[in-house]
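In what follows, chains are A, B, ... by sequence order, proteins preceding strands, each numbered from 1.
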Protein chains: 2
Amino acid sequence: MPLAAEPIGVDQAGEVAIAFKALSDPVRVRLLSLIASHPGGEAYVNNLIAAFDLTGPTISHHLRVLREAGLIGCQRRGTWVYYWVVPTMLERLSEVLSIPAGSRATD
Amino acid sequence: MPLAAEPIGVDQAGEVAIAFKALSDPVRVRLLSLIASHPGGEAYVNNLIAAFDLTGPTISHHLRVLREAGLIGCQRRGTWVYYWVVPTMLERLSEVLSIPAGSRATD
DNA sequence: CGCCTGTGTAGAAGACTGTCAATGTAAGCA
DNA sequence: TGCTTACATTGACAGTCTTCTACACAGGCG
């Protein structure tokens, strides 16, 4: 349900805000984009760490925030840990921000 | 350009993160929804304050954050100040989160 | 002019966040 | 078993955020 269609409920506003908070850091936005745009839809941590001027623990922390927000999933395969995006969550957020047709007013 | 289409640039990630940070608080999500879904697309501050268990200055602060993020605009008309949403900004964020067709992988 | 209402600003307290160094855990290999 | 690599957790520090109280500004009205 788009945010602009009707006043959002308190509970749903809280859930949505948690997801947006996970996206409120440039590093996490880039991480999500790197994972989502990776060939095959997956990426492993070592590649992600190499893309930033940050230490491993910091990237690990950001990945955890994204995971706890339900935006990405992960799985260990042998030594490496693979991450992938959860498309349904992104789509839900995208819909929340969409503008319903015919609801535009003074701009 | 959707976030999942290709790795997002550092600059754009920063801009997008600022907008998402503005949406990372439940109060601001509800404020934006109240303004966007208001008949006529506008709302004035007194009504917004009445919808929360928060003081006027706190609502004023949140409105400023939304305004500085480019998500809403405002104008004084006599004694009252009216707020409205900026649809282009919401649409841009919605597009960033959208999933390009055919890019879904292991879920 | 002076008063009241509506709205924003300033400053401060407390909680939260991003980052790091140090340490811990898990898997592969000799 | 012991060593090495890959990744996560812990604890700490500096900075930021949310919220409040107190105050200031702007506009209408007597």
Side-chain angles (χ1 to χ4, degrees), chain A residues 8 10 13-35 38 42-85, chain B residues 8 10 13-35 38 42-85:
Chain A
I8 196 172
V10 176
E15 296 171 14
V16 169
I18 289 174
F20 284 140
K21 185 182 296 186
L23 293 170
S24 68
D25 187 285
V27 173
R28 289 197 289 268
V29 171
R30 289 177 61 198
L31 276 173
L32 191 69
S33 182
L34 281 172
I35 296 170
H38 200 81
E42 294 182 331
Y44 61 96
V45 179
N46 208 20
N47 275 4
L48 297 174
I49 292 176
F52 296 86
D53 264 345
L54 295 170
T55 63
T58 297
I59 299 299
S60 189
H61 159 69
H62 286 304
L63 288 171
R64 166 138 86 167
V65 173
L66 289 171
R67 184 160 37 89
E68 291 182 345
L71 288 161
I72 59 176
C74 68
Q75 186 192 23
R76 171 162 231 132
R77 292 191 206 145
T79 307
W80 298 286
V81 177
Y82 287 79
Y83 280 85
W84 61 87
V85 301
Chain B
I8 195 172
V10 176
E15 296 172 13
V16 169
I18 289 174
F20 285 141
K21 186 181 295 185
L23 293 170
S24 68
D25 187 285
V27 173
R28 288 197 288 268
V29 171
R30 290 177 60 199
L31 275 173
L32 191 68
S33 180
L34 281 172
I35 297 170
H38 200 81
E42 294 182 331
Y44 59 95
V45 179
N46 208 18
N47 275 4
L48 297 174
I49 292 176
F52 296 86
D53 264 348
L54 294 170
T55 63
T58 298
I59 299 298
S60 189
H61 159 71
H62 286 304
L63 287 171
R64 167 139 85 167
V65 173
L66 289 171
R67 184 161 38 88
E68 290 182 344
L71 288 161
I72 60 176
C74 69
Q75 186 192 23
R76 172 163 231 132
R77 291 190 206 147
T79 307
W80 299 285
V81 177
Y82 288 79
Y83 280 85
W84 61 87
V85 302

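Ring orientation note: the planes of B:Trp80 and B:Tyr44 are tilted relative to one another, at an angle of 30° to 60°.
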*nucleotides 6-13 of chain D: protein proximity per nucleotide (B base, S sugar-phosphate only, - neither; heavy atom, under 4.0 Å)*: SSBB----

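Taking atom CG of residue B:Leu54 and atom P of nucleotide C:dT7, one finds them 16 Å apart after rounding to whole Å. Regarding B:His62, its NE2 atom lies at a distance of 15 Å from the C1' atom of C:dG8, rounded to whole Å. For B:Phe52 and D:dT19, the CZ to C1' distance is 14 Å, given to the nearest whole Å. Atom CG of A:Leu31 is separated from atom C1' of C:dG18 by 13 Å (rounded to the nearest Å). To the nearest angstrom, P of C:dT5 lies 24 Å from CZ of B:Arg77. Counting to the nearest Å, the C1' atom of D:dT18 and the CG atom of B:Asp53 are 15 Å from each other.
The CG atom of B:Leu66 sits 9.5 Å away from atom NE2 of B:His61, with the distance rounded to the nearest 0.5 Å. The structure places CD of B:Glu68 at 11.5 Å from CG of B:Leu63, a figure rounded to the nearest 0.5 Å.
Listed by first then second residue, pairs satisfying salt bridge (Lys or Arg N to Asp or Glu O under 4.0 Å) with a partner in residues 15-27 of chain A read A:Glu15-A:Arg92, not counting sequence neighbours.
Judged purely by atom type and a 3.5 angstrom limit, B:Arg77 has no side-chain atom pairing as donor or acceptor with the backbone of B:Thr79.
Both A:Lys21 and A:Gly78 lie close to DNA chain C; mapped to their nearest nucleotides by heavy-atom distance, the more 5′-ward contact belongs to A:Lys21.
Side-chain contact between A:Arg28 and A:Leu23: absent, with no pair of heavy atoms (C-beta onward) separated by less than 4.5 Å.
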